[in-house]
Every structure is written in structure tokens, then in C-alpha cells.
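One structure is given here, and the rest of the page talks about it.
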Protein chains: 2
Amino acid sequence: MTHRETPDIIVSRLPVYLRALSHMQAQGKQTTSSQELGQQVGISAAQIRKDLSQFGEFGKQGTGYDIGFLTGKLREILKVDRVWDVAVVGMGDMGHAIARYQGFTDRGFRVSMVFDSEKTKIGEKIGNFIVQDSREIVNAVRKAGIKVAMLCVPAPFAQQVANQLVEAGVRAILNYAPINLSVPNGVWVQYLDPSVGLQRMTYYL
Amino acid sequence: MTHRETPDIIVSRLPVYLRALSHMQAQGKQTTSSQELGQQVGISAAQIRKDLSQFGEFGKQGTGYDIGFLTGKLREILKVDRVWDVAVVGMGDMGHAIARYQGFTDRGFRVSMVFDSEKTKIGEKIGNFIVQDSREIVNAVRKAGIKVAMLCVPAPFAQQVANQLVEAGVRAILNYAPINLSVPNGVWVQYLDPSVGLQRMTYYL
DNA sequence: TAGATTGTTAATCGATTAACAATC
DNA sequence: TAGATTGTTAATCGATTAACAATC
């Protein structure tokens, strides 16, 4: 029998567990339980234990989980026990905000280059970065070995920029443009479209 | 037997269908099929037909779906056949970007007031809005009857601001702060944490 | 008519929950 | 020891897929 792959849906919950654990840790807590963590993130205790058991035995009967230890394990599993350099394309308001965002610290990412195609923006300083010409994406991203990118260009340009990023070796794209991207196998996309988020809630109002 | 509720997971896909359909429509297409739409959004044709059948019969055998008609139906179902006024709290870089974002047009939302707690920002003009004092949230939001809000404050303030929004009558919160919110039943939250999005991909790299 | 595609049923597949022995 | 909580199994529940009659 071949080894069963971890379901995507489990992987997708781990970052949420990690965020909650980091929050507990910041509050000085040492240990937690599947019950407490579940309450925090709105998931049943049984499911949390089941999810974690996919990757190993991280808890102790009677006491629960050491937060520091479990945090370390989840970071390893998610491969954010390192720092990934990230390229950001599109220096409109959203790209601008991301280039200056402080929230990636300690979560595995660091913006390392930013691009735009507008002449008036190229060469400008945003956050700690000099805006580079989008025509340099393939060369610069490939040369730096960057595997992770954030896409903040207007929808009509998103697919072509995604193509360039893929050509440059990028394998994970966080897409802020409100459009579906088509990418080859082995490249992952996550969508952060605020209208989609809002529309997922209005149904219930 | 009691009426079976539509599963959340189906509801969560509808905005994605809607986005793809609008895109096709903008390209001048008149009709589509479950196959074509599925390809576009990365979901099987059978699932799209099953999802839509929860709400009615919107297609024609042999021809597929009229894009304009289906778009209209999905807008009704998701209750975005109207325009929801949205309050945005937190005028840092992210809130700033959202206040000026043009992407809500025709998708059911319109930013209608913005707040910040910093003296230096209150009264400032951002986009078309004058920044209001966060202490006015409960009064102003309730008075305007606003039900939808976007939360762009730093994580340590997110829960308390969420509480105020709920008190003001808000029932849907799009949360950009990297923290889990606790809200009463009948209030919905969607999370847009870029680090979570990125961490959901690095596992596979 | 022939070809295409829907809506729906039944079968399959996968995810969640409940329960509990093990044990800290 | 008594209480708490894990990791895991089996049972339940729910979602996806395959297949096809209906029909445009």
C-alpha cells in the first residue's frame, strides 16, 4: 500500500493553528490542550488532535502540548522554520502596503524585491526597496532564486505577470488580483480577493 | 423531514463562479458550460452543476448557461444584487489601500466610512473619505445601518474593535489583522492574512 | 436528426466526530 | 491515586464523482 498523502484541507489549517499558538506564546502561556486551541480557532478538539497526528506525536497525556515545542514542529512541517524571500509585483496602493507590511516577521517571509511597470514608479523608494522595472522580473527573480511572490497588479495584467514569475522559477503566488490564474502543475496559487471574502458572508445576512 | 441547509462549502464557491462569469462577460461571451466554467476555476463540471442545482435550474440542455442570466441569479443568491455600505477601521497602509480600492464596484460593496484612532489621522482625507474618530464607531455605524466592515487595525486592537463593530450592528467582518476573532452567533468573519496564505503553499515547496 | 449539455441519482470517496484505552 | 488529555479506532456524516435519462 502506498503512503497516503496529507490532505490539503489539513495542511490549510496548520497555519491557523500556528498563528493561534504564537499568540498564546506571546501572552506567556507555556502549554495548551487540543480543547483550548480548538476553542481559540473554532475547530473541534478531536479534529485538532487528528490533524496533528498526521505528522507525529507532539503532546503528552494529561498535560497537553508544549506551545514552544508544537510551534517549532509546525514551523518545520510548513517549512517556515526558515525565511523565504518574496518578490512583490505591482506598486499600487496594495503593493505599497505590502512592501511596508511588518507582519511577515517571524512567520517565514521577507519581502526582498518589488516591481512595477510604470516609468514614474521605477526607481522610487518604497519601504526599504527601490522599485525595479517589471521587465526585469524574469532575470532578477531567477538570479535571486526567489520561489515565492505576491501579485498586486490590476486584473488585466495578472496572468501575464504570473507567467513571467513562473518562468523565473516562482512556485508559490499569493494573488491579490480579482481573477483566476492559470499556472502549470507544481505551482501553487492562493487568492486574497476582498470581494470574494465579503460575498461569502452576505449570503447569510 | 426538515429542509436541508445549503452547505457552507458550496456558498463559498459561488463568489468564485461569479468572478469567473463576470470575467467571461467582460470578454463578450454570451454562454458557457459547466465544463468551461469548471476549467476556468479549477473545479469539476459535475460539481459546478451540483452546486448550482442547489438553488434552481439555470441552464439549458445542449447549450449550457446564459452568462448574464446566471450572473444575475448568483448575485441574487449571494445578496450582492444590491450595494452594501462598508465601514473600514484602521487607516494604516492596508486600510488606506482599501479606502482607495476600486475593485468593489459592481461586486456589491461600497466603502462608506473610515475610522482611525490616531489624532494625527482623524479629519484627514483618504480617498473620498474624511477619517473619523474610532470612538465614534458604535454611534456612526449604527446610525448608518451598516452591516459590513473591514478590519485593518493592528492585531492587538482587532478584538476590541470587532466588539465595537458588533455592538454597532455589524454582522460581517473581513479581518485583515493576523488574529482569530471571537464573535457572537449570527456574526460572520472572513480572514485575509497574507502569511497564512503563503504558509499554505510553502508546505508543498 | 445528431451532438451537446443539463440536472439528478447512486456510488464512491474523504473528512469529521465520538469514544476510549493508554498514560502523564 | 484521581483527573486530565492524548493518539487512535470505528462509526458517522458529508462531499465529490460518475453515469445517464432528459432534452435543447
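These numbers come from the heavy atoms of this one structure, side chains and all, not from hydrogens, waters or symmetry mates. To find a chain, count down the sequence lines: A is the first, B the second, and so on, and within it residues start at 1.
The side-chain heavy atoms of Phe115(B) and Gln164(B), taken from C-beta on, include no pair separated by under 4.5 Å. Residues Gln40(B) and Met24(B) meet the side-chain proximity criterion, which asks for heavy atoms closer than 4.5 Å. For the pair Arg171(B)/Tyr204(A), no side-chain contact is recorded, criterion being any heavy-atom separation below 4.5 Å from C-beta on.
Side-chain contact annotation: Asn163(A) with Glu167(A), donor-acceptor N/O pair under 3.5 Å absent.
Nearer the 5' end of DNA chain C, as judged by each residue's closest nucleotide, is the contact made by Thr32(B), out of Ala46(A) and Thr32(B).
Across the protein-nucleic acid pair, Tyr65(A) atom OH and dT5(D) atom P stand 11 Å apart, rounded to whole Å. Going from atom CZ of Arg49(B) over to atom P of dA21(D) covers 15 Å, rounded to whole Å. If you measure from atom CD1 of Ile10(B) to atom P of dG14(D), you get 13 Å, rounded to the nearest angstrom. Distance Gln54(A) CD to dT8(D) C1': 12 Å, rounded to the nearest Å. Rounded to whole angstrom, the span from the CD1 atom of Ile43(A) across to the P atom of dA15(C) amounts to 14 Å. The CD atom of Gln35(B) sits 17 Å away from the P atom of dG3(C) (whole-angstrom rounding). Asp51(A) has its CG atom 7 Å from the P atom of dT16(C), to the nearest Å. To the nearest angstrom, C1' of dG14(D) lies 12 Å from CZ of Arg13(B).
By the 4.0 Å N-to-carboxylate-O rule, Asp106(A) lies too far from Arg75(A) to be salt-bridged with it. A salt bridge links Arg107(B) with Asp193(A): the closest approach of a Lys/Arg side-chain nitrogen to an acidic carboxylate oxygen falls below 4.0 angstrom.
Distance from the side chain of Ser53(B) is smallest for dT8(C) among the nucleotides dC20(C), dT8(C), dT17(C). Minimum atom distance to the side chain of Lys50(B) is reached by dT8(C), of the listed dA18(C), dT8(C), dC24(C). Here the side chain of Gln47(B) is nearest to one of dT9(D), dT17(D), dT23(C), namely dT17(D). Closest contact between the side chain of Gln61(A) and the listed nucleotides dA19(C), dT5(D), dT8(C) involves dT5(D). When the nucleotides dT17(D), dT6(C), dA15(D) are ranked by their closest atom to the side chain of Ser33(B), dT6(C) comes out on top.
Counting only distance, with no hydrogens or angles, the side chain of Ser134(A) and the backbone of Asp116(A) share a donor-acceptor pair below 3.5 Å.
Remark: Ser34(B) is in phosphate contact with dT6(C), judged by side-chain N or O atoms under 4.0 Å from OP1 or OP2. Taking side-chain N and O atoms only, Thr63(A) has no distance below 4.0 Å to OP1 or OP2 of dC24(C).
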**Pair assignment for DNA chain D - dot-bracket with | for other-strand partners, Watson-Crick or G-U under 3.5 Å** = ..||||||||||||||||||||||
